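All remarks here apply to the structure that follows.
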Amino acid sequence: MSVTHNLLLFSSLLFFIISPSTAQTSFRPKALVLPLTKDPSSLLYRTKINQRTPLVPVELILDLGGLYPWIDCGDYVSSTYKPARCNSAQCSLANANGCITECFSAPKPGCNNNTCALLVDNTVTNLATDGELGQDVVTIQSTDGKNPGRVVSVGNLLFTCAPSFVLEGLPNGIKGMAGLGRTKVSLPSQFASAFSFNRKFAICLSGSTNSNGVLFFGNEPYVLGPNVDVSDSLTYTPLILNPVSTAAAFVQGDASSDYFIGVKSVNINGKSVQLNSTLLKINSQSGVGGTMISTVKPYTVMETSIYEAVVNAFVKELSGVPRVASVAPFGACFNSTAISSTRLGPGVPSIDLVLQSNNVVWRIVGANSMVEVANDVLCLGFVDGGVNPRTSIVIGAHQLEDNLLQFDLATSRLGFSSSLLSRRTTCANFDFTSKA
């Protein structure tokens with residue numbers, strides 16, 4: 001077979017792999033929408049898709065840097081499930097790491113011979129194993145950016161069919177993880193391919209366990225009540241590719257699927273914090289260092305010397321407020337009766353992550369820097385990550401709440417809003433009432 005013939009075959013298969021089902025081809029959504037719910041016990045974010053034939057609601061944990069979606073196949077039943085065969089276009093697209101040749105039970109989802117294996121990474125517990133690459137029907141709501149629209153379906157969404165034990169450590173009812181990372185088979189990439197919209201997505205995490213945040217796939221607008229298009233005032237910074245994988249298990253030579261940004265320095269109350277700036281860069285050989293964004297870490301985690309410098313500078317700027325005993329996992333806690341309350345949360349010094357220039361700043365206000373741990377006790381919501389962590393700063397979920405973050409995979413840039421409280425709205429203000 002000629003090389004040209006191979007390429008044509010691969011291109012046509014690629015369209016078939018992730019094309020929308022024929023029933024939906026007359027309607028092409030510009031964007032899709034999912035609710036995000038904060039789990040009160042684990043502080044992880046849940047979302048829900050409908051999958052299989054007949055359709056079943058499947059609850060997944062949002063994993064911003066996850067390689068791809070993976071789903072427990074312990075009790076998976078569907079008439080439309082198809083395993084991806086070894087050396088197929090699907091396996092190539094997913095960068096599969098091997099072939100399953102002997103599955104020692106009757107064929108079923110997750111156990112088929114001559115299928116390709118893909119790593120399954122529970123990024124909450126750092127437990128990793130192999131699973132079977134499969135595909136099945138998924139339905140999801142479209143959106144005009146203001147409300148959900150009609151439900152659309154993807155006929156052949158690729159995911160890893162995982163053994164049940166990988167769910168250990170995840171909240172009850174969860175069946176897997178929704179990987180949004182920098183791969184060709186993450187959810188943003190597959191939805192963009194299926195519906196021919198831009199490879200963009202945006203997350204807006206709600207700080208409340210009683211109100212849904214929102215996840216958009218596709219183009220803006222992203223409208224939150226009262227009729228605020230939060231995409232019209234984003235600040236942009238490049239997304240940086242870490243050349244070495246940051247997954248729990250990976251194939252040698254794989255780049256990281258996580259999202260990194262270039263933090264150059266940290267200011268507190270407008271004053272620069274003295275840091276070892278070498279730690280803020282990614283080592284191109286080892287992949288160690290840099291600043292990553294995560295939805296599976298509840299709070300921002302910092303390398304010890306950075307953490308201590310930030311905490312000491314923050315405490316100094318808040319010197320008029322009495323300290324109280326630390327409450328794990330936090331190091332600096334305060335008597336909150338001495339802290340004023342503002343529209344942007346507790347009235348404490350702002351923490352600025354300075355990005356590619358002094359004019360490009362991600363501002364962390366009191367609502368995102370402080371955590372209420374008890375009556376009259378507020379703690380600085382940053383955690384000591386030890387002396388030799390894989391990544392120097394991991395910006396955690398609490399610091400992302402009520403901030404809109406838009407990830408543009410095509411241009412490799414992040415758009416960020418800083419706190420939406422300054423625009424008198426929150427991530428809980430998307431109207432999930434369908435107007436279709």
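What you are looking at is a predicted structure, and each value in this text was computed from that prediction instead of being measured. Residues take their numbers from the sequence shown, with the count starting at 1.
- Here F260 pairs with nothing under the ring-ring contact (aromatic ring centres under 6.0 Å, His included) rule; sequence neighbours left out.
- No side-chain N or O of T139 forms a donor-acceptor pair with one of S153 less than 3.5 Å apart.
- When atom types are taken as modelled, the side chain of S392 and the backbone of L280 share no donor-acceptor pair closer than 3.5 angstrom.
- Note on residues 55-90: pairs passing disulfide bond (SG atoms under 2.5 Å apart), not counting sequence neighbours, are C73-C161, C86-C99.
- Every residue two or more places apart in sequence or in another chain was checked for a ring-ring contact (aromatic ring centres under 6.0 Å, His included) with Y45, and none qualifies.
- For residues 224-259, no residue pair satisfies the disulfide bond (SG atoms under 2.5 Å apart) rule, not counting sequence neighbours.
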Anything under 3.5 Å between a donor and an acceptor, one on a side chain of residues 218-230, the other on a protein residue two or more places apart or in another chain? List them.
residue : atom : partner : partner atom : Å
N219    : OD1  : N198    : ND2          : 3.1
E220    : OE1  : K200    : NZ           : 3.0
E220    : OE1  : Q406    : NE2          : 3.3
Y222    : OH   : G218    : O            : 2.9
Y222    : OH   : Q406    : NE2          : 3.1
D229    : OD1  : Y222    : N            : 3.3
D229    : OD1  : S231    : N            : 3.0
D229    : OD1  : S231    : OG           : 2.5
D229    : OD2  : S231    : OG           : 3.3

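- For residues 115-147, no pair satisfies ring pair (Phe, Tyr, Trp, His ring centres under 6.0 Å), with sequence neighbours left out.
- By the salt bridge (Lys or Arg N to Asp or Glu O under 4.0 Å) test, D408 pairs with no residue at all, sequence neighbours left out.
- The CG atom of L180 lies 9.0 Å from the OG1 atom of T47; values are rounded to the nearest 0.5 Å.
- Ring centers of F216 and F430: under 6.0 Å apart, within the cut-off.
- L380 places a side-chain heavy atom less than 4.5 Å from the side chain of I351.
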Hey, can you pull the donor-acceptor pairs under 3.5 Å for the side chains in residues 412-420, sequence neighbours left out?
residue : atom : partner : partner atom : Å
S412    : OG   : R182    : NH2          : 2.9
S412    : OG   : L239    : O            : 3.2
S417    : OG   : L404    : N            : 2.8
S418    : OG   : R363    : N            : 3.2
S419    : OG   : L421    : N            : 3.2

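- Across every non-hydrogen atom of V152 and F195, the tightest pair is CG2-CZ, 3.6 Å.
- Counting heavy atoms from C-beta on, the side chains of L119 and N97 come closer than 4.5 Å.
- A cation-pi geometry, defined here as NZ or CZ lying under 6.0 Å from the six-membered ring centre and within 45° of its normal, holds between R150 and F27.
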Report the C-alpha distance between F407 and Y259 in whole Å, list the side-chain angles of each, state the deciding distance to 0.1 Å, and finish with yes or no for ring-ring contact (aromatic ring centres under 6.0 Å, His included). CA-CA 9 Å; F407 297 81; Y259 295 97; 4.8 Å; yes
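- Taking a 6.0 Å sphere around CG of N114, one finds it holds more than 12 heavy atoms contributed by other residues, nucleotides or ligands.
- Screening L118, L93, I100 against L133 for a side chain to side chain contact (heavy atoms under 4.5 Å, CB included) leaves a single residue, L118.
- W70 is listed as a side-chain neighbour of V166, based on a closest heavy-atom distance under 4.5 Å.
- You'll find the side chain of L355 stays beyond 4.5 Å of the side chain of V361, heavy atoms only.
- With a 4.5 Å cut-off on side-chain heavy atoms, F159 and Q51 count as touching.
- Under the 3.5 Å distance criterion, the side-chain polar atoms of S88 are left unmatched by any main-chain donor or acceptor of A84.
- Between the S257 side chain and the T183 main chain, no donor and acceptor come within less than 3.5 Å of each other.
- Evaluation of the salt bridge (Lys or Arg N to Asp or Glu O under 4.0 Å) rule for R423 yields D232 as partners, not counting sequence neighbours.
- Remark: the backbone N or O of K146 is paired with a side-chain donor or acceptor of D144 at under 3.5 angstrom.
- Figure legend: R52 and Y76 shown as a cation-pi pair, the cationic atom lying under 6.0 angstrom from the six-membered ring centre and within 45 degrees of its axis.
- A side-chain donor-acceptor contact under 3.5 Å links S78 and T80.
- Looking at Q399, its side chain never comes within 3.5 Å of a backbone N or O of P298 through a donor-acceptor pair.
- For the salt bridge (Lys or Arg N to Asp or Glu O under 4.0 Å) test, residues two or more places apart in sequence or in another chain that qualify with K38 are E401.
- Relative ring orientation between F201 and F217 is described as tilted, the plane-to-plane angle lying within the 30° to 60° band.
- With hydrogens and angles ignored, the 3.5 Å screen pairs a side-chain donor or acceptor of T304 with a backbone N or O of G386.
- Looking only at atom types and distance, the side chain of T433 has a donor-acceptor partner in the side chain of D431 under 3.5 Å away.
- Side-chain contact check for E132 and N112: at least one donor-acceptor pair (N or O, by modelled atom type) lies under 3.5 Å.
- Formation of a donor-acceptor pair under 3.5 Å by the D63 side chain with backbone atoms of A178 is not found in this model.
- Under the disulfide bond (SG atoms under 2.5 Å apart) criterion, the residue pairs touching residues 110-144 are C91-C116, C103-C111, with sequence neighbours excluded.
- Note that CG of L353 is 8.0 Å distant from OG1 of T300, once rounded to the nearest 0.5 Å.
- Within the 3.5 Å criterion, the main-chain N or O of M370 finds a donor-acceptor partner in the side chain of H398.
- No side-chain heavy atom of S206 sits under 4.5 Å from any side-chain heavy atom of T426.
- Between V263 and V354 there is no side-chain heavy-atom pair separated by less than 4.5 Å.
- Within the 4.5 Å cutoff, no side-chain heavy atoms of V138 are placed close to those of N50.
- With R390 contributing its side chain and G287 its backbone, the two residues share a donor-acceptor pair below 3.5 Å.
- For the residue pair S305 and N276, no side-chain donor N or O sits within less than 3.5 Å of a side-chain acceptor on the partner.
- At most 12 heavy atoms of other shown residues, nucleotides or ligands fall within 6.0 angstrom of atom CG in N358.
- Once rounded to the nearest 0.5 Å, the distance linking OG1 of T115 with CZ of R85 reads 6.5 Å.
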Side chain to side chain contact (heavy atoms under 4.5 Å, CB included) between R199 and S189, intermediate numbers included: CA-CA 6 Å; R199 289 173 60 222; S189 295; 3.8 Å; yes
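- Here the side chain of T295 pairs a donor or acceptor atom with the backbone of L64 at under 3.5 angstrom.
- Every residue meeting the salt bridge (Lys or Arg N to Asp or Glu O under 4.0 Å) condition with D39, not counting sequence neighbours, appears here in chain and number order: R46.
- Between D75 and K175 there is a salt bridge, since a side-chain N of the basic residue sits under 4.0 Å from a carboxylate O of the acidic one.
- D136 CG to L55 CG: the interatomic distance, rounded to the nearest 0.5 Å, is 9.0 Å.
- The CD1 atom of I293 sits 12.0 Å away from the OG1 atom of T391 when rounded to the nearest 0.5 Å.
- We find the NZ-OG1 distance between K281 and T291 to be 11.5 Å, quoted to the nearest 0.5 Å.
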